[in-house]
There are 2 protein chains.
Amino acid sequence: MTTDTNWRSPCPISTSLEIFGDKWTLILLRDMFNGKTKYGEFLQSPERITTNILATRLATMTRHGIAQKQLYQSNPKRYEYILTDKGKGLHPILVSMCHWGNEHYPDTWIAPAHFMEKV
Amino acid sequence: MTTDTNWRSPCPISTSLEIFGDKWTLILLRDMFNGKTKYGEFLQSPERITTNILATRLATMTRHGIAQKQLYQSNPKRYEYILTDKGKGLHPILVSMCHWGNEHYPDTWIAPAHFMEKV
DNA sequence: AGAGTCACTTGTATTTTGCAATTCACTATT
DNA sequence: AATAGTGAATTGCAAAATACAAGTGACTCT
């Protein structure tokens, strides 16, 4: 993980946005909270991330220390991406987003309880 | 407010991201929570949003119903942008982001109590 | 050897964001 | 009346991010 220090400002909201303020990072976080860990699994999600974006997002998330690349099979070598504690710390943000989304966009899915209540 | 219905997916997180998942909307939200309402005031923030982006973001936020354009002076006509209830509902997300940012990026500002505790 | 699988990488088009300069509607001053 | 000033944008173009389609590399299995 490289520690950027050229933030737009020292505001924690602004700094946070520089880490995960794009269209995909929080979607991948959601998938990881739901147990997905592998490249191929992330590709299956309904938002249909493309392969190049997925690769760069996973690399950036790893660099920022919110996910970690880990060997889970050695023949052939295969890696999975798992949440770090720093990444898990983003859970309350996802939960708040679910609440807000469900409240203002009634056709959105209700997330399963195990997701909303995860520590 | 036009109601888009072509979301990437019915996931509330994904839908939320399509409303405020960019580099500026939540920054403007923060400023509004801190009492800023006018074009010129938003331009003063340390992240230095540019005039064209500011204009389009304010228009989009208005279209999505998270802010409202309101006449506050008639000669000459001047408008201010104020949060709607829907916009105010995003406050918990900003608070969570502050907590996470402060925890993982120690040089970030601690937000004033009136911000963190706002209903 | 050949086909298959998983995890990418590459090339190019499209979209979004950023930067600088300019415009518009109006007021205040000369 | 002409000029300058102010707040709120709009316009034109460059740069960066994202999207789409195809291809590659490392390995396994038949």
Could you give the CD1-to-P distance, from A/Ile49 to D/dA21, as a whole number of Å?
16 Å
Whether B/Tyr81 contacts D/dA9 is assessed here as follows: a side-chain N or O lying under 4.0 Å from the phosphate OP1 or OP2. Is that the case?
yes
Can you tell me if the side-chain N/O atoms of A/Arg57 get under 4.0 Å from OP1 or OP2 in D/dT18?
yes
So, is A/Trp24 close to the D/dA17 phosphate, meaning a side-chain N or O under 4.0 Å from OP1 or OP2?
no
Backbone N or O of A/Lys38 within a donor-acceptor pair of the A/Glu41 side chain at under 3.5 Å?
yes
Could you give the CZ-to-P distance, from B/Phe20 to C/dT16, as a whole number of Å?
18 Å
Heavy atoms from C-beta onward define the side chain here; which of C/dA7, C/dT9, D/dA9 lies closest to that of B/Tyr39?
D/dA9
Once you round it to whole Å, what is the distance between C1' of D/dA8 and CG of B/Leu58?
10 Å
Using a heavy-atom cut-off of 4.0 Å across all strands, would you classify B/Arg48 as base, sugar-phosphate, or nothing?
nothing
Minimum-distance nucleotide (side-chain atoms of A/Asn52 versus C/dT9, C/dT27, C/dA7):
C/dT9
For D/dT10, does the base pair up with any side-chain atom of B/Thr51 as donor and acceptor (N or O, under 3.5 Å, distance only)?
yes
Given DNA chain D, 5'-ward residue of the pair A/Asp22 and A/Pro76, judged by closest heavy atom
A/Asp22
Is there a side-chain polar atom (N or O) of B/Lys69 under 4.0 Å from OP1 or OP2 of D/dA9?
yes
Is the distance from OP1 or OP2 of C/dT27 to the nearest side-chain N or O of B/Asn75 less than 4.0 Å?
yes
With a distance cut-off below 6.0 Å to the six-membered ring centre and an angular limit of 45° from the axis, does B/Lys36 pair with B/Tyr81 as a cation-pi contact?
no
Starting from P on D/dA19, measure out to CG on A/Leu54 and report it in whole angstrom.
12 Å
Specify the separation, in whole Å, of atom CD1 of B/Ile27 and atom P of C/dG18.
11 Å
Nearest whole angstrom, please: distance from the C1' of D/dG7 to the OH of B/Tyr72.
8 Å
For B/Thr84 and B/Gln68: C-alpha separation, side-chain torsions, deciding distance, then whether side chain to side chain donor-acceptor pair (under 3.5 Å) applies.
CA-CA 6 Å; B/Thr84 61; B/Gln68 208 176 325; over 6 Å; no
Determine whether a donor-acceptor pair (N or O, by modelled atom type, separation under 3.5 Å) exists between the side chain of B/Glu18 and the backbone of B/Gly21.
no
Rounded to the nearest Å, what distance is computed from the CD1 atom of residue A/Ile53 to the P atom of nucleotide C/dA7?
18 Å
Keeping the roles fixed (side chain from A/Thr108, backbone from A/Tyr105), state whether a donor-acceptor pair exists under 3.5 Å.
yes
If you pin A/Arg78 and A/Arg8 to their nearest nucleotides in DNA chain C, which one's is more 5'?
A/Arg78
Rounded to the nearest angstrom, tell me the gap between atom CD in A/Gln44 and atom P in C/dT5.
13 Å
